[in-house]
Structures are given as C-alpha cells and as structure tokens.
There are 2 protein chains.
Amino acid sequence: MTTIHEVAAAAGVSISTVSYALSGKRPVSEKTRRRIEDAATSLGYQPDAGARMLAGRRTNIFALTEPLRADTHAPTHMAFVLATAVAARRRGYDILLLTDEQTAEGMNRVAASNLVDAILVLDVAPDDERVEISRSVRTPTIFIGLPDDQRDLTCVDLDFEAAGHLAVDRLADAGSARILLLGQTEVSYRKSNFPRRLLHGVQERSAERGVELTWTPSGALVTEPAVVRVAIDTALDAGIRAFIVHAANDVHELLLGALAERGLAVGVDVSIVSAAASFDTAMLPTPIDTIPLVPQDSCELAVEIAVQRLEDPHLPAQIHLIPPTYRPAGSVAPARE
Amino acid sequence: MTTIHEVAAAAGVSISTVSYALSGKRPVSEKTRRRIEDAATSLGYQPDAGARMLAGRRTNIFALTEPLRADTHAPTHMAFVLATAVAARRRGYDILLLTDEQTAEGMNRVAASNLVDAILVLDVAPDDERVEISRSVRTPTIFIGLPDDQRDLTCVDLDFEAAGHLAVDRLADAGSARILLLGQTEVSYRKSNFPRRLLHGVQERSAERGVELTWTPSGALVTEPAVVRVAIDTALDAGIRAFIVHAANDVHELLLGALAERGLAVGVDVSIVSAAASFDTAMLPTPIDTIPLVPQDSCELAVEIAVQRLEDPHLPAQIHLIPPTYRPAGSVAPARE
DNA sequence: TTGAAAGCGATACCAA
DNA sequence: TTGGTATCGCTTTCAA
C-alpha cells in the first residue's frame, strides 16, 4: 500500500505539499507538482479512504435509499439508480445502497457514523417515512420526487403538472375537444405522487380550455389487459380521437393495436401524446409525440444540488421542478371531429 | 457528534474499554458493559466510519460491480442487487455500487484506496474483464456467476449443468422421448455463460438417455414473438409433447397460450419443466414444475464466503456450485407419445 | 478486568 | 512556494 509519505519521499517534498499538489487547494509550483504527480502515478498512489474521511471530514460517498415496493417498475427504477450512480461518479462520489429493509435504520446509521456526505432519496411516496428522518439527521438529503409534505425539503422532479398542461395544450391547439387520459396503474395513484400531479395538470388545463376529459387508470396489464382495452374501445366508439398516455410501453402498444384494428391512422385520424414516459418511445412501432421523463435529468440535478449544498451549507432548501419538453413525432393531427 | 470519549466519560471508563465492550473483542465485566451500552444508546453513539476504517483496517463495505448490458433483464438484475444488499447488511456490510462506466477504474480505485473489504461481481461474462482485474488487486473478489477462465477465482453460482440433467431426467423418467428446449435470447448465449451451461447439461443427459432434443433460442420476444411461436408450433406439429423452458416469463406465457389454443392440457397431454427460472413461476396462469434460480441463495452464499475470506485470508479460492432443486407442480405427465 | 498510549494516513493550520 | 505538526476518532498492543 502506497502512502502519502512514500510519494513525498519519492518526490523529495513534504507530505503536506503532496496533499496540496494533489488536491489543488494551495498553489504549488509547476515543477514540484509535476514531480509529485509523476511519483504518485508511478507508485500507483491512491489516498486511503478512511484516513481521508477522518482528516478531511468528507467521505465522497452519497447514500441512495431505494425502497422496492411490489409495484416498482424494474426497468424505470434501474434507470434512476444507474443515472444517479453515473452522475455522482462524474462529480467524484460513490453510491452506497440503502435498501428497503433498512430504510430508517440505514439513513440514521450512515448519517450518525459520517459514512456519507449526503443522502439521495429515490421513489418517493406521498407520505414517505424518510421525510421525517431527513429532518432529524444533519446529513443533507435530496429527494428525487415529491412527498406531500415538502416543508424545508430539497426536492428535484419533473414538473408533472406542467407536463399535463403541455399535453392538453398541444391536443387542444390541434382542435381536439375530447381527450382520453390513459393513466398509470391504480395503485400508483395511491403509492406515488407524480401520477396525481400529471392527472391534476391535465384536468386543470382541460377545464381551462373547455376540453372534455375522460380518465382511466391502466390497472395491472399483465393480469387484466381487458380493462384498458374496454376503456379504449368505449372512447373510440364515442368518437374520441385524442389520447394522452401516461403509462408503461405495453399500454402504448395496446392502444396502437386497437387503433390499427380499426384502421385509424395515428397522426391522421387520431392524435396521441405520451406524457412523462420513462422508456424510449422511439421503440414503439409508431412514432409518438412525447413529453419525456429523463431519469438522467433529475438525477444529475439532484447530484449537482447535493454537491452545492456541501460547498455551501447555507443554501436554502428548495423544490426544483424540471420544465417538461415536447418532442414532436407527427402523432398529433388537426382534429376532424 | 458523539465520540467514544463522551461515551467513556459517561460510563466512567476508558475509551479502550468502551471499544472492547462494544466490539466484544475482549471480555468486559457484565456490570461495566451494561453501563457502557446504556451510555452509548442514550447518547446515540455511532462509531465514526472514517476513524474506524483507519484504525481497524476494516471498512464494512463491499463493492458490487454491475455492468448493465443492453440485454440485461431488469427485474432479474434488480433481484440480484437487492439480494446481495440484504445479505450483506445482515452480516454488517454496506454495498457500494460500481456501475458500468467505471468497472475497471472503479475496482482498482476502491481496492487501492481501501474503500471496501471485498468486491462482489455480478452478471459475469464469459470473457469478463473483471477476471484479470480481480487477480491484480489484493481485495478479495467473489464472482456471482462463472467466467470461462476460472483459474484461482472464487465463484458462486447455480449448477446449471446439473439443472439441465435434472430437467431431462424428470421428463425422461415420465417417458418422454422427444424434448424441445426453449432457450434464452440468442445474444445471451454469447454474452453470458449460464445459458450455455444449462444447454450443455440438457444435451449431455439427453444423449445419455436416448432423448431426441430440439433446441431454439427465444430471441427478443418484444420485437419478434413470431420466431418462438413458430418453433413451438413446429414442435407440436411434429408430435413433441415435452418442453424445457429456460427463458423469461413471457416465453412461458406464449407456450401456455399455444397449448391452450390446441386444447392441450399441461400435466396431462403435455409436460413442461421450467429450468433456472429467476422469476416466480407461481405467477403463471398454469402451475409448472420448476427448477428455480434463487438470487438469494447465490448472493447469500457469496456474502458468506466473502466474510469467511476476511476472517481467514488463507482460505483457498474455490468454485461453489449450488445444487439445483426440483419443485413439482403437476406439469409433468406420463408420456403417451 | 481495566487503562494508557501508540499508531492508522490523511488534511489543514501555522510558520517560515 | 514550501514544511512541520496538531488533529481527526477509533483499534489494539502493552502494562498493570
């Protein structure tokens, strides 16, 4: 194991100079810095993590709490975990996993033992128990998602309400007077916050623009695809030709299938907007206008905010809502109702 | 922040006694131990992680490297990550995530900086680059899965060959003379090791028992379900009535659907064994005999071995193959070919 | 059964 | 621009 002393000896300087040269926290002459860097690389020097934590009061580790509920959509969840890990690493931080079994215990433990510099909270529930814990620990905590009680919290999330507005606006602008919103699974409207926020945005803007809105959750598609299918058929029979889909890709496929059966062409006879989709809608058989939910965006912002809070502990807590973007793909057509 | 000194003061003992009382590494009289424990809990004492690492040369952290390939099955992967985290935590270890972007760099970094006590390797590829790295670092490394070159490695995995033998034996015992093996995706036979091992086991035992074997990979079901369907129909047309399925649940459902269409009853007209399924086959519409692949088993064993290697660094490297178990559900019927 | 004290390997302050 | 050194909070050896 190479220590800072060996590097210092090899470079012919003191250990403090090595430390400063490598951290850049104090100017070091170009010459000596080179010698030090050469010595460090040739010796394969890597500062000892424990010593660094103890002396520097920085661990360069973030905790990531991820409760896995039964209704967790694995691919989406994985995308968030991965995006967080990548973003953190780019800023020089590693990710320590805190799973379900130990949410409360884990957060308290890593905070009390100074194991991590900050805590990132994934998959936030409306009445999340982690809210209270985050208030009781002094380790900065960033929520990726919004709980109901946001007082004094730092949160990052897509602006789902605005996404709802945007989706309705596009369809209303194209002349649609009636819209069917194909929502998330029923349970997610209770266990999560964002489906409600999107729903609310859609409802609000629909009312403002005089659009007649129908809404249906999509249920567990695997066990009962019929429910969604019936909702779609009913809407089509009633002459509804505009759809906002806030659901997994299988629901999209079901809708496209139903339309194909009836010979209705997307972007011609029918308009579709996929709202807050966390999967790649380009993989769908038909191109669809999308307001994407990009895990990378939320996670990168969360990491950035965490880093900022460490640099300036006086930064006020704040809710950061990421404005939605609209990615057209020709699936919205002028209404001919 | 409560330190060991405050606990010592509160309990009226020296810090070394506190340390020993809490770690149990030296006998401490019942009386003083109680006083110390009381003081510790009432003060909310939690040893500083950095100090502990530095002084104790133990971090109580395991690194988990998880490369995410395009063909990674998210739910299965998540199950492994979760199982590892839970098993580790039970033994007092946290999990540090090492993602794709930094596989090589990450392993070297956490090893050189003494950030982790051991490295767990997930999703092992036949020619995995992590094999070489594990040989070059002195941090104990456990592979969950088998690479081609296993020299001097410690690995844990289900005995897929034995699972193949077991599946064939059950069907052959029931009198089946011809079997269709519905395999994993084509790419997985190149990118992973275990599909080949199961295939080999099935082929080997089929030859031994005089069973005529047909095999087909299942392809990417989302994009081209037709391929699998054709393979199934061809087999059924040829009179094959025994199936071994080594694939995700959608392939199982496809098979069950095809059988239902033809009015063939599972466990009566047709025999099915699901081999090395990493999902819960009880969720299928029809009960199916299963040789389960239980992530918990592999991950717990891996963690246990890691812990053992830390306790006794002289433990020899070894390949640990977990014997398969057979879970009957009435889907294997006496053949009436 | 308990205590004193020497590290562990960095960081960062105080001097020069 | 550089060096000496106190310090971080714990583990563990050596003594008593």
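Lettering of chains follows the sequences in order, A, B, ..., and the numbering in each one begins at 1.
Distance, B/L22 CG to D/dT12 C1': 15 Å, rounded to whole Å. Between the CD atom of A/E6 and the C1' atom of C/dC8 there is a distance of 14 Å, given to the nearest Å.
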Exercise. Between B/V116 and B/F62, does a side-chain contact (heavy atoms from CB on, under 4.5 Å) hold up when you go through it step by step?
Worked result: CA-CA 5 Å; B/V116 305; B/F62 288 155; 5.8 Å; no

For this session: Let me see the working for A/T141 and A/R130 under side-chain contact (heavy atoms from CB on, under 4.5 Å), right down to the final yes or no.
Result: CA-CA 10 Å; A/T141 304; A/R130 294 168 294 178; over 6 Å; no

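For B/D152, there are no salt bridge (Lys or Arg N to Asp or Glu O under 4.0 Å) partners two or more places apart in sequence or in a different chain. When the side-chain contact (heavy atoms from CB on, under 4.5 Å) test is applied to B/P126, the partners found at least two apart in sequence or on another chain are B/D148, B/N193, B/R196. B/P292 meets the side-chain contact (heavy atoms from CB on, under 4.5 Å) test with B/T290, B/V294, B/T325, B/R327; sequence neighbours excluded.
For the helix from C/dT1-D/dA16 to C/dA16-D/dT1, the axis fitted to the five pairs at one end and the axis fitted to the five pairs at the other end meet at an angle of 30° (nearest 10 degrees).
Among pairs with a residue in residues 52-63 of chain A, those fulfilling side chain to side chain donor-acceptor pair (under 3.5 Å) read A/T59-A/D117, at least two apart in sequence or across chains.
A distance of 9.5 Å separates NE2 in A/H5 from OG in A/S14, rounded to the nearest 0.5 Å.
Minimum heavy-atom separation, B/D149 to B/V131: O-CG1, 3.9 Å.
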Exercise. How does each nucleotide of nucleotides 9-16 of chain C score, in 5' to 3' order, for protein heavy atoms under 4.0 Å: base (B), sugar-phosphate only (S), or none (-)?
Worked result: BBBBBB--

